[in-house]
K.L.:
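Let me begin by handing over the structure; questions about it come next.
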Amino acid sequence: MSSELLQFLLSGITVGAIYALVGLGFSIIYNASHVINFAQGEFVMIGGMGTVFIASAGAPFPIAMIGAVLLAVVIGISLQKLAIERARHASVVTIIIITIGASIFLRGLAGVIWNRDFHSLPAFSGEQPIHVAGAVIVPQSLWILGVTVAVAVALFVFFNRTMIGKAMLGTAHNPFAAKLVGINTNNILILSFALAAALGAIGGILIAPMAPTHYQVGIMLGLKGFSAAIVGGLGSGPGAMVGGLLVGIAEALAAGYISSNYKDVVAFVIILLVLFFMPSGLFGSRASERV
Amino acid sequence: MSLLEITGLSKSFGGVQAVQELEYTVESGKIHSIIGPNGAGKTTLFNMVTGIFKPSSGEVHFNGQDVTGLPVHELAALGISRSFQNLQVFFNMTVLENVMVGRHLHCRREFLQSLLHTPAITRSDEGARHRAAELLEWVGLKAYVGDHADSLPYGALKRMEIARALACEPKLLLLDEPAAGLNNKETQEINELIQQISERGITVVLVEHDMRLVMGVSDHILVMDHGKKLAEGTAAEVRENPDVVAAYLGRGD
Amino acid sequence: MNFVRYICTLIAGAALALCSFIGIAVADTIKIGSFLAVTGPASFLGDPEKKTLELYVDKINEQGGINGKQVELTLYDTGLDAKEAVTFVKRLISEDQVDIIVGGTTTGETMAVLKEIEKAGIPFISLAGASVIIDPPKKWVFKTPHTDAMAVGMVYNDMKKEGISKIGLIAGAGGFDKSCMKNAQALAEGAGISIAIAETYGKGDNDMTPQLTKIKNAGVDATLFCGFGGPSSIVTKNYAQLGIEGPLYHTHGSCSKGFIKGAGDAANGVRLPCAALLVADQLPDDDPQKTIGMDYIKAYTDKYGSDVSTFGGHAYDALFIAVEALTKAGTTDKAKVRDAIEATENFIGVDGIFNMSESDHMGLSLDSFKMLEVENGNWKYLY
Amino acid sequence: MKGATVASRYGGVFVLAVIVAVLPWFLPNSFYFDVVINSGIAAIVCVGLNLLIGYAGQISLGHAGFFALGAYSSAILTDNLGWPPIVSLGSGLLVVALLAFAIARPILRLKGHYLAMATLGMGIIISIVLNQEVDLTGGPDGMPVSSFSLLGQEVDSELGWYWIVGGSLIITVWLALNLIDSAVGRALRAVHGSEVAAQVAGVDTTRYKILIFVVSAVLAAYAGSLFAHYTGFLTPSEGSFFRSIEFVTMVVLGGMASVFGSVIGAAILTALPQFLTVFHDYEHVMFGLVMMLTMIFMPKGLLPSLRNWINKRTS
Amino acid sequence: MLLEIKGLSSSYGRIQALRDININVAQGEIVALVGANGAGKSTLLKIISGVQPVTDGSVYFDGIDITRASSHRRVRLGIAQVPEGRQMFSPMSVEDNLMLGAYTRKRQEIKSSLERCYTMFPQLRERKRQTAGTLSGGEQQMLAIGRALMAVPRLLLLDEPSMGLAPLIAQQILKTASSLKDANVTIFLVEQNAHAALSLSDRGYVLESGEVVMSDSGQNLLNNEQIKSAYLGS
């Protein structure tokens, strides 16, 4: 493998890991409620900006990070309770508009309450690049990959080893049966928003030392995360991970080999092609309509 | 004369055989019923005849023509229409408009003319509206004509679906559980309706669980179980068939 | 019933809003209108501009206003939407009836409103960079910031001094970035510089390593970055991480402390042309820009607690050129104010010394730029 | 009941025509004209988009792409190639129609959120191309567009534009209402109600979905073309994802499957930001809040909710 | 009475599914509810489990009014259901399905319940790592029963346990169900297969078009001609 290709892949995987975290959030909420939460990107912003501002108030970074994740979780739960739950019976488009409204609201609030400047977090463990076979990788990339893998493993354990995790999965697969075995599906819904918010916020904190955070950082990351979730197949956890990496790598390779002007176009064309040939994404369930 | 001939028809979903090697003939002008326990493959059969599912193997001949795997709207144009087990109502339209959709193939539908609503379109629409209103009256829904479909009671929607199917002027009408969810009186009315439809020369195939209805109207009954033909014949023949009794009531041992 | 209450609130709110935006235009004041991209992708520019305008309009009023009249600022946020910009300009002119307009954060917004400005005949000072705004000069249109062509020229001069001839370019997808890149390509030949490779990155990108890897492999002597905001820091960091040979140049798009903070150690060694403002404290005492720069920095940081950028400086200059013209004209007659702006002479602003004329509606010369280098996380004045 | 549909069709158009005819006397200055003209342009897009989303039930999060394509092709053909504006406009519509037709089949095979994603991707691709092709479009800094002329008569007054846009809107609404109340329109609505039942009734659903996708794209392109000549300056933000979302929001806010709802939705959402400027910094916060609350309390949109409410009151 | 249904009516969507239903089930009984397809049997079970709203009337469990109680609370009180069509968590393993059946119980009690379940259905033990979707129809039905028993219910609602199963398997399933009586579980059974259901029940109710038209001991109903008519239309 040429060092150039390796460099592109490393870049793609790093960015893709963040997309994957955001995409996972989309999938978890979709599973629990069949809602596409277009405010998912704002959790990323709250993660980064929240850490910056809690830290600037004097808290040590680890505390600030936890605080920011908690803040995102609280906002996620409020979003569910105050907006989504009240519009339970509305159409898909209506709910999409509600979540878009929520994202404009949150972004606006962040711009006013915090500010509209760019902010950086210090890298978790220095910025000394590491050389691998002619390519370089920064420690923060390793943090991103490590945490993403850890989150993936944690989610795997959560969904496969804990009762509450299994209950979430069960509710996603068959909400009717879930009610019959005594699962409080309302709580599962709240939990899914909390979890999705936390994942977004973690993504936002991880990326902030590499790319300065900003009150609008959630827009594009949210969009890319949505793409990841769709390409992977809505509702599929592994799908969102693979989708995120795919989008990230496609972007990096397109920028490297095709045209950096049109790298996003290449990424979206790939997404469209995937959908044309697999209308439910890579890992999506192919439900057939009953008549 | 046979209107519909099904030979060696099979359909499987991910390894599960919903319909297996089915042979079935529908005689023109008669009332046919298909019965069988839940999951016997009756609706799957309907879905294959109307083109919603493509058969895994086998053939469907309609009016002497091989129609296997044709798209739904082409089969409709040939004269196959149906109602649905789970209502498929256009809830975003009025009752009259629902039935007018059934007149689709008989309406003028040139795009530019529709945009301008030329006199030709107006006339054709007028005709469709008239025919739809007539059919609604005929199925006993005169009172609901101008109402929004989502304000109708369940029984009325079932009839509206029948009126919509009739609006296509079908040769073959497939009715999927027309009496499900209806009370005795409504079932009786559906019974009469089916006979009247048959009197108009339309061949009817019925999937139904209400045995009183089935036994009362059918000229011919096909009994399915586990995707296969269990028995067929007249109501009396089927009723006396021990396999059928066992499938329905269980064995008395 | 929720719905009714909701509708009532909505109507009441709308009525209130309507009243408040119709019921002005009474007191005898001088009205300055502004439209800025305070939010949206260019908020990095628009936000300090807004803060600067609000800060100094208050100060002017505290000090008695202009010719004894209070100044009223009407400011709208376009969110970087050219359509909104046009609507707001029409509103400023016909509804708010302002006397002068200072604003237009980006070139796109500015260009979109020019037709309206010229038609209405109202003095307008733009805060956007591109030279196309004032070249050819339009009767009512002025601008304060250095053009990106000037910045590129300044960079190319410095490159020649350093013996650099083959460079790589990297730019974003925004208007500033594209215009800067275009100028860099157009001016290269005349400056004896060859551009070996030109790369771009997209909106919201978080990693420019692939693009910079290609630049690295192209074997260039130096790299010029055209862009601003978050990407300034990302590109600089990625550049350092990849260990690319040769210096990295930025343009005046990175003239804010936020860039250095974002890029950290990687920023050291970056060379860029900026307004004198950033190094006001390092300027020789006899430099006329020193005091004004120091004052602006103090006022801004005292009020907002955040670092100044040169973008706010553009607004500062535009505001005070307007104030000076209004003062000199002694009236709000639009034609007279316009003439007064065109007659601006030796106006010392944070961006430099302005000398406007009929053919030059910006009035800055190349020497108003200072060449800086980042050293130990701070600006260092070179020349 | 025949009388009822015809009356609502022509009655509504009549009321709209009267409003359009009278409104200029209530518009004090060019700012109000601008807001109204922009509302009208958006309304044309929304009426078309509502045919697609509200009537045929197919979502599109990329219609600003068509709007911008119409705007830019008109601008490029007029200004770069020197074609007469009316010819450019026609050619622009043709280009958009062909493009929409080409992508409609694969895209409309998708459903729900997948369709949303695909149309969103399509819109983003268009907007990136507009941003990148600097030589053609001027890139992010935009491009000037010469004013519209018809039969040698240049339209440069606000009132002139008002009549063009107002007239276009009335015709659009009239055509849309005609279409809805025809066999084609019923087929479209049937696709939304139940695709399989529509097919059983003989409707070639794929064909109709493609048809309405192309129609709505062409209407968006037409509005875009008017917009280009009206403002005289184009930037790629006209084709952005946000603009697409804005159009969809107008449709949903006004009411799905309500032509007049779309007109109202477009007017409100065009004027709302102007009202919200009184909240200064909190403008966007308020905008998001209004969007959320309206959709939570009136999920069916303004006009249908209002109609329900009046019906409930009177009955 | 363990279960008391008083004057219950329910409609969903446009269908009035049930009208004025009065049904009692005593502790330790097996009670069957028979009737043709579409008579409203499943709706009644859904109401008892709290996944379908009641329009009128009330439901008491062990003397407690549970008409408005949430479904998870009812499971905690001791009502478990084996739903029609099995309703597996198909992509999850057999063991996970069973574990979720015990969702409302204390963690330390689950182990022994699981053991008991595997003893009852040895096939499930063999397939505990397989996903539920890959099981045969009969095994799925066992799993559905096993999952409901994991909650250690006092009242077990069985909805069409023999549906879609080969006759031999269906008999086996029904036998298993009747053996639960010995484990002190009260059973309320809904069946299309009237013979089989009534022959193992203490009492039975006949439902027709949403109304209870008859109730008697299982044996008496079995010999009643009207039953045959309700099913075969003769």
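Letters A, B, ... mirror the listed sequences (proteins, then strands); counts begin at 1. These values consider heavy atoms only, across backbone and side chains, with no hydrogens, waters or symmetry-generated copies.
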K.L.:
If the test is side-chain contact (heavy atoms from CB on, under 4.5 Å), which one of B:Thr50, B:Asn47, B:Ile52 qualifies with D:Val196?
P.N.:
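For D:Val196, the side-chain contact (heavy atoms from CB on, under 4.5 Å) check succeeds only for B:Ile52.
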
K.L.:
By a 4.5 Å heavy-atom criterion (distance strictly below it), what part of B:Arg109 contacts chain D: side chain, backbone, both, or neither?
P.N.:
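Backbone plus side chain of B:Arg109, per the 4.5 Å heavy-atom cut-off to chain D.
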
K.L.:
If I compare all heavy atoms of B:Asp125 with all of D:Ala183, which pair ends up nearest, and what's the gap?
P.N.:
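Distance-wise, the nearest heavy atoms are OD1-N, 3.9 Å.
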
K.L.:
At a heavy-atom separation under 4.5 Å, does B:Arg103 approach chain D through its side chain, its backbone, both, or neither?
P.N.:
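For B:Arg103, neither part sits under 4.5 Å from chain D.
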
K.L.:
Give me the atom names and distance for the closest heavy-atom approach of D:Ser182 to B:Ser114.
P.N.:
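In terms of heavy atoms, the two residues are closest at OG-CB, 3.5 Å.
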
K.L.:
If you define the side chain from C-beta out and look only at heavy atoms, does anything of D:Trp174 sit under 4.5 Å from B:Leu115?
P.N.:
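No, too far: nothing below the 4.5 Å cut-off.
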
K.L.:
Is it true that a side-chain atom of B:Asn92 and a backbone atom of D:His192 form a donor plus acceptor pair closer than 3.5 Å?
P.N.:
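The answer is no, because no donor-acceptor pair under 3.5 Å joins these two groups.
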
K.L.:
Most heavy-atom pairs under 4.5 angstrom with chain B, which of D:Ala197, D:Ala187, D:Ala198?
P.N.:
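Highest number of pairs under 4.5 Å: D:Ala197.
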
K.L.:
If you tally heavy-atom pairs under 4.5 Å against chain B, which of D:Leu211, D:Leu179, D:Val191, D:Val200 wins?
P.N.:
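Ranked by heavy-atom pairs under 4.5 Å with chain B, first place is D:Val200.
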
K.L.:
Hey, could you give me the CZ/CZ distance between B:Phe91 and D:Arg189, rounded to the nearest 0.5 Å?
P.N.:
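Between B:Phe91 CZ and D:Arg189 CZ, I get 15.5 Å after rounding to 0.5 Å.
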
K.L.:
Restricting to non-hydrogen atoms, name the atom on D:Gly202 and the atom on B:Leu105 that form the minimum distance, rounded to 0.1 Å.
P.N.:
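Smallest heavy-atom distance, with atoms named: O-CD2, 3.6 Å.
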
K.L.:
Identify which part of D:Ala257 has an atom lying under 4.5 Å from any heavy atom of chain B, answering side chain, backbone, both or neither.
P.N.:
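Looking at D:Ala257, nothing touches chain B.
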
K.L.:
Could you check whether atom CZ of B:Phe111 has more than 12 heavy atoms from other residues, nucleotides or ligands sitting under 6.0 Å from it?
P.N.:
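Yes - once you tally the heavy atoms of other residues, nucleotides and ligands closer than 6.0 Å, there are more than 12.
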
K.L.:
Is any side-chain N of the basic residue among B:Arg129 and D:Asp181 closer than 4.0 Å to the acidic one's carboxylate O?
P.N.:
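Counted as a salt bridge, because a side-chain N and a carboxylate O are separated by less than 4.0 Å.
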
K.L.:
How about NE2 on B:His148, more than 12 heavy atoms from neighbouring residues, nucleotides or ligands closer than 6.0 Å, or not?
P.N.:
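Yes - once you tally the heavy atoms of other residues, nucleotides and ligands closer than 6.0 Å, there are more than 12.
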
K.L.:
If you count every heavy atom of other residues, nucleotides or ligands that lies below 6.0 Å from D:Lys300 atom NZ, does the total exceed 12?
P.N.:
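No, the 6.0 Å shell around NZ holds no more than 12 heavy atoms from other groups.
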
K.L.:
For chain B, find which of D:Val203, D:Thr205, D:Val215, D:Val184 contributes the most heavy-atom pairs closer than 4.5 angstrom.
P.N.:
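Counting heavy-atom pairs under 4.5 Å, the top option is D:Val203.
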
K.L.:
Give a yes or no on this: more than 12 heavy atoms of other residues, nucleotides or ligands lie within 6.0 Å of atom NZ of B:Lys54.
P.N.:
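Atom NZ in B:Lys54 is crowded, with more than 12 foreign heavy atoms closer than 6.0 Å.
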
K.L.:
Do B:His104 and D:Arg186 have side-chain heavy atoms sitting under 4.5 Å apart?
P.N.:
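No. Closest side-chain heavy atoms not under 4.5 Å.
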
K.L.:
Name the option with the most non-hydrogen atom pairs under 4.5 Å to chain D; the candidates are B:Leu116, B:Ile121, B:Leu75.
P.N.:
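Heavy-atom pair counts peak at B:Leu116.
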
K.L.:
With ring-ring contact (aromatic ring centres under 6.0 Å, His included) as the test, would you mind laying out the steps for B:His73 and D:Tyr208 before giving the verdict?
P.N.:
CA-CA 12 Å; B:His73 63 272; D:Tyr208 281 99; 9.4 Å; no

K.L.:
Would you say that more than 12 heavy atoms from the other residues, nucleotides or ligands in this model lie under 6.0 Å from the OH of B:Tyr24, or not?
P.N.:
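Yes.
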
K.L.:
Between OH of D:Tyr10 and NE2 of B:His117, what distance do you get to the nearest 0.5 Å?
P.N.:
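The OH atom of D:Tyr10 sits 6.0 Å away from the NE2 atom of B:His117.
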
K.L.:
Which value, rounded to the nearest 0.5 Å, describes the distance between D:Ser194 atom OG and B:Phe84 atom CZ?
P.N.:
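The CZ atom of B:Phe84 is 5.5 Å from OG of D:Ser194, to the nearest 0.5 Å.
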
